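Notes follow the structure.
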Amino acid sequence: MQQTLTPHVYWAQRHEDIYLRVELIDAQNLDISVHDNVLQFRAQGHGARGHNDYEFSLPFLNAVKTEVSHRSTQRQVNITVRKQLSGWWDRLTLQEKKPLFLAPDFDRWMDESDAEMELREKEKKKNRLNMESRLSEDSYITLKKAFLFTYNLVQFLGFSWIFVNMTIRLFILGQDSLYDTFYTISDVMFFCQILASVEVLNAMFGVVKAAVVPAFIQVIGRNFILFIILGSLQEMHNKPVVFFVFYLWSAIEIFRYPFYMLGCIDTEWKTITWLRYTVWIPLYPLGVLAEVVAVVQSISVFDQSRLFSIPLPEALGSSASFSCVLYIYLPLMVIGLLINFRHLYKQRRKRFRTKKRKSN
């Protein structure tokens, strides 16, 4: 029957940890635990008395945590025990007389002043890393706000130019201004709507806290109307519906983008906030209605011009008119309207319900 022996154990401490090094080669079947501030160690390995069973127990001077971390190497077992309270101990064990198998680990030994200096260095390093992290985070936030403010400013100026230009032309030229809207406004509208794609990317990558689907529906829907329905068909350029589409789009945006600009600088104007969450109620459905009219008017043009015609197998014919796609797109516009209208309504209710609670 094998004799149970005690291995050589070396110890050192820091303000928060106890380090133990057990001299046991090729240790196996390790059983290490802490109960009632007593460390229990059992293992098989090659120690001072050859290959044997080795065990020991250490009643600590003060309270320690029950969680024990250990790492076994080919030559030794390293154990780390966390002190319950940070502080320096006068000795390791509860009894004043040191056990015979226990000795200081001079490779890791420090006196209290050296340990305090090490602790201060760790605190300085931790504080420096935290400071660098905060500075990096602050720099990112500042850069993000500058980017968003610039983007919203550019969009506000673009749509404001469209809205003011169309309003002035309407007062000066009257009904005649309805027929040349595309020729005078389209370049700026192209620019603004292409740039609006950034809003979908911002929502996708978390630059702004916004729902991706409503932003995607609005951007894709508008660009489809602008580039496919109006831009690709010369017959649509002088239609009065172009005026109503552009005017309603810009009327919504000249209130939305200033609201976002003020948010970038942590400022709020109650009038702008109310307009941003209210003007869409009549304007958004009217804008979609104008888009539907544009799509319906373009169907006959696509049938005649065969532009974007869809190739078909020979058994079914040479090609199908792009108007088939538009017949499918029309109900999708209604579905998109309902999705976005519901999203905007929830935003408005949440915004003003929160404001009401704060005022109370």
Side-chain angles (χ1 to χ4, degrees), residues 158-159 162-163 165-167 169-197 200 213-253 280-341:
F159 281 107
I162 293 172
F163 184 82
N165 189 295
M166 294 179 67
T167 302
R169 288 176 56 82
L170 181 63
F171 275 107
I172 295 176
L173 301 177
Q175 188 176 349
D176 292 340
S177 67
L178 303 181
Y179 300 97
D180 63 351
T181 300
F182 187 88
Y183 301 103
T184 57
I185 304 297
S186 61
D187 289 342
V188 180
M189 184 61 79
F190 283 148
F191 171 79
C192 290
Q193 282 307 127
I194 292 174
L195 194 60
S197 303
V200 180
V213 173
F216 180 81
I217 290 174
Q218 177 167 308
V219 171
I220 293 299
R222 284 189 179 183
N223 285 346
F224 181 84
I225 297 297
L226 180 62
F227 292 98
I228 303 299
I229 303 300
L230 303 180
S232 64
L233 297 176
Q234 189 172 358
E235 293 85 349
M236 294 293 297
H237 292 179
N238 60 353
K239 298 282 188 180
V241 70
V242 178
F243 174 89
F244 294 103
V245 170
F246 285 7
Y247 203 71
L248 291 167
W249 286 357
S250 60
I252 294 175
E253 306 300 14
W280 63 267
I281 296 175
L283 296 182
Y284 187 65
L286 289 175
V288 174
L289 178 61
E291 294 172 19
V292 170
V293 172
V295 171
V296 172
Q297 290 182 352
S298 69
I299 289 177
S300 60
V301 181
F302 278 111
D303 287 337
Q304 295 174 3
S305 64
R306 308 300 294 177
L307 183 65
F308 304 137
S309 58
I310 305 167
L312 296 175
E314 292 183 2
L316 299 177
S318 59
S319 63
S321 173
F322 186 71
S323 61
C324 298
V325 175
L326 298 183
Y327 284 118
I328 299 174
Y329 183 70
L330 283 171
L332 293 179
M333 294 178 69
V334 177
I335 295 173
L337 168 65
L338 296 177
I339 293 174
N340 275 11
F341 200 94

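All values reported here derive from a predicted model rather than from experimental measurement.
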Legend entry - Tyr247 side chain near Thr167 side chain, heavy-atom distance below 4.5 Å: yes

Legend entry - Side-chain heavy-atom pair Ile185, Phe243 within 4.5 angstrom cut-off: no

Legend entry - Closest contact, heavy atoms only, His237 versus Gly231: NE2-O, 3.5 Å

Inset, instruction - Sequence neighbours left out, what passes ring pair (Phe, Tyr, Trp, His ring centres under 6.0 Å) with Phe216? Give chain and number order. - result: none

Inset, instruction - Please tell me if the side chains of Tyr327 and Ile299 come closer than 4.5 Å, counting only heavy atoms from C-beta onward. - result: yes

Inset, instruction - Go through the steps for Thr181 and Phe244 under the test side chain to side chain contact (heavy atoms under 4.5 Å, CB included), then give the verdict. - result: CA-CA 9 Å; Thr181 300; Phe244 294 103; over 6 Å; no

Inset, instruction - Take the angle between the ring planes of Phe302 and Phe322 and call it parallel below 30°, perpendicular above 60°, tilted in between. - result: tilted

Legend entry - Residue pair Phe159 / Ile252, side-chain heavy-atom distance below 4.5 Å: no

Inset, instruction - Indicate the ring-plane relationship of Tyr329 and Phe224, choosing parallel, tilted or perpendicular according to the 30° and 60° boundaries. - result: tilted

Inset, instruction - For residues Pro285 and Pro282, report the shortest heavy-atom separation together with the two atoms involved. - result: CD-O, 3.5 Å

Inset, instruction - Taking the side chain as every heavy atom from C-beta outward, state whether Ser197 and Asn223 have any atom pair closer than 4.5 Å. - result: yes

Legend entry - Pair Leu330-Val334, side chain to side chain contact (heavy atoms under 4.5 Å, CB included): steps then yes or no: CA-CA 7 Å; Leu330 283 171; Val334 177; over 6 Å; no

Inset, instruction - Check whether the ring centres of Phe341 and Trp280 lie less than 6.0 Å apart, and answer yes or no. - result: yes

Legend entry - Non-hydrogen side-chain atoms of Ser232 and Phe308 separated by less than 4.5 Å: yes

Inset, instruction - Would you confirm whether Ser177, through its side chain, and Gly174, through its main-chain N or O, come within 3.5 Å as a donor-acceptor pair? - result: yes

